[in-house]
Amino acid sequence: SQQGEEDPQALSIQEGENATMNCSYKTSINNLQWYRQNSGRGLVHLILIRSNEREKHSGRLRVTLDTSKKSSSLLITASRAADTASYFCATRNQGGKLIFGQGTELSVKP
Amino acid sequence: DGGITQSPKYLFRKEGQNVTLSCEQNLNHDAMYWYRQDPGQGLRLIYYSQIVNDFQKGDIAEGYSVSREKKESFPLTVTSAQKNPTAFYLCASSATGGDNGYTFGSGTRLTVV
């Protein structure tokens with residue numbers, strides 16, 4: 001069962017622009033995580049935000065969480081061609097398993 | 001360096017054959033997971049194990065089997081009962097406790113020929 005739904009499914013921007021990806025989920029969560037996947041590779045953990053947090057930063061990444069709307073956003077500032085990848089949100093509930101969304105495919109053109 | 005190793009990277013299976021995908025971690029993680037990824041469908045959980053000698057079915061366990069005899073290893077067998085096995089398979093591990101991310105292997109691409 002898919003919990004998170006990312007929007008948009010695909011995003012194409014120029015280098016230097018900001019990229020924003022959104023994630024919506026259905027049930028209550030303990031935390032929400034964002035992962036990155038380069039084509040044909042495994043996923044890499046980017047950032048985790050707990051249910052009692054509203055915003056978190058890590059380098060060029062900024063994540064927000066609105067539990068009242070059951071949504072999160074990932075902002076990548078000053079994007080680079082190397083940021084081209086698929087980005088997934090994943091939610092963790094009290095059962096402990098991560099449930100992944102279908103991902104946003106980001107293309108950053110040089 | 002600690003991490004997860006999946007092998008092989010590419011695997012070809014004939015109709016009716018069972019194949020086993022390897023997943024080994026040296027991160028001392030208690031929990032391990034197997035996901036299947038198809039184009040446009042994200043990741044779907046096949047099986048997971050939170051402790052040695054114990055594992056649970058995920059959302060799409062039919063046609064698959066696993067074992068967890070050692071903490072470091074969580075092999076996945078794709079049986080002949082799995083009618084559409086062509087996919088990208090990802091193994092992951094995590095420490096126990098809710099505020100831990102998953103560490104993923106680099107995946108095995110299985111193709112039925």
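Lettering follows sequence order; numbering is per chain, from 1. Predicted, not measured: the structure shown is a model, and the values here were computed from it.
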If you round to the nearest 0.5 Å, how far is CZ of Phe88(A) from CD of Gln37(B)? 5.0 Å
Under a single-linkage definition using a 4.5 Å side-chain heavy-atom cutoff for Ile, Leu, Val, Met, Phe, Trp and Tyr, are Leu106(A) and Leu61(A) assigned to the same hydrophobic cluster? yes
Give the cluster check for Leu11(A) versus Leu74(A): same hydrophobic cluster or not, with ILVMFWY residues linked at side-chain heavy-atom distances below 4.5 Å. yes
Part of Thr103(B) lying under 4.5 Å from any heavy atom of chain A: neither
Looking at chain B, which one of Glu105(A), His45(A), Gln37(A) has the largest number of heavy-atom pairs inside 4.5 Å, strictly under? Gln37(A)
When every non-hydrogen atom of Phe104(B) is compared with those of Leu43(A), the smallest separation belongs to CB-O, 3.3 Å
Does Ile47(A) belong to the same Ile/Leu/Val/Met/Phe/Trp/Tyr cluster as Tyr87(A), with side-chain heavy atoms less than 4.5 Å apart forming each link? yes
Measuring from atom CD of Gln33(A) to atom OH of Tyr102(B), what distance do you get when rounded to the nearest 0.5 angstrom? 7.5 Å
With the 4.5 Å side-chain cut-off for hydrophobic clustering, are Leu11(B) and Val66(B) part of the same group? yes
Can you tell me which residue among Tyr48(B), Tyr35(B), Tyr33(B) is in a side chain to side chain contact (heavy atoms under 4.5 Å, CB included) with Leu98(A)? Tyr35(B)
Is the count of non-hydrogen atoms from other residues, nucleotides or ligands lying under 6.0 Å from Arg80(A) atom CZ greater than 12? no
Linked, directly or transitively: Tyr47(B) and Leu110(B) (ILVMFWY side chains, under 4.5 Å): yes
Return the minimal non-hydrogen interatomic distance between Asn100(B) and Arg92(A), and the atom names on each side. O-NH1, 2.8 Å
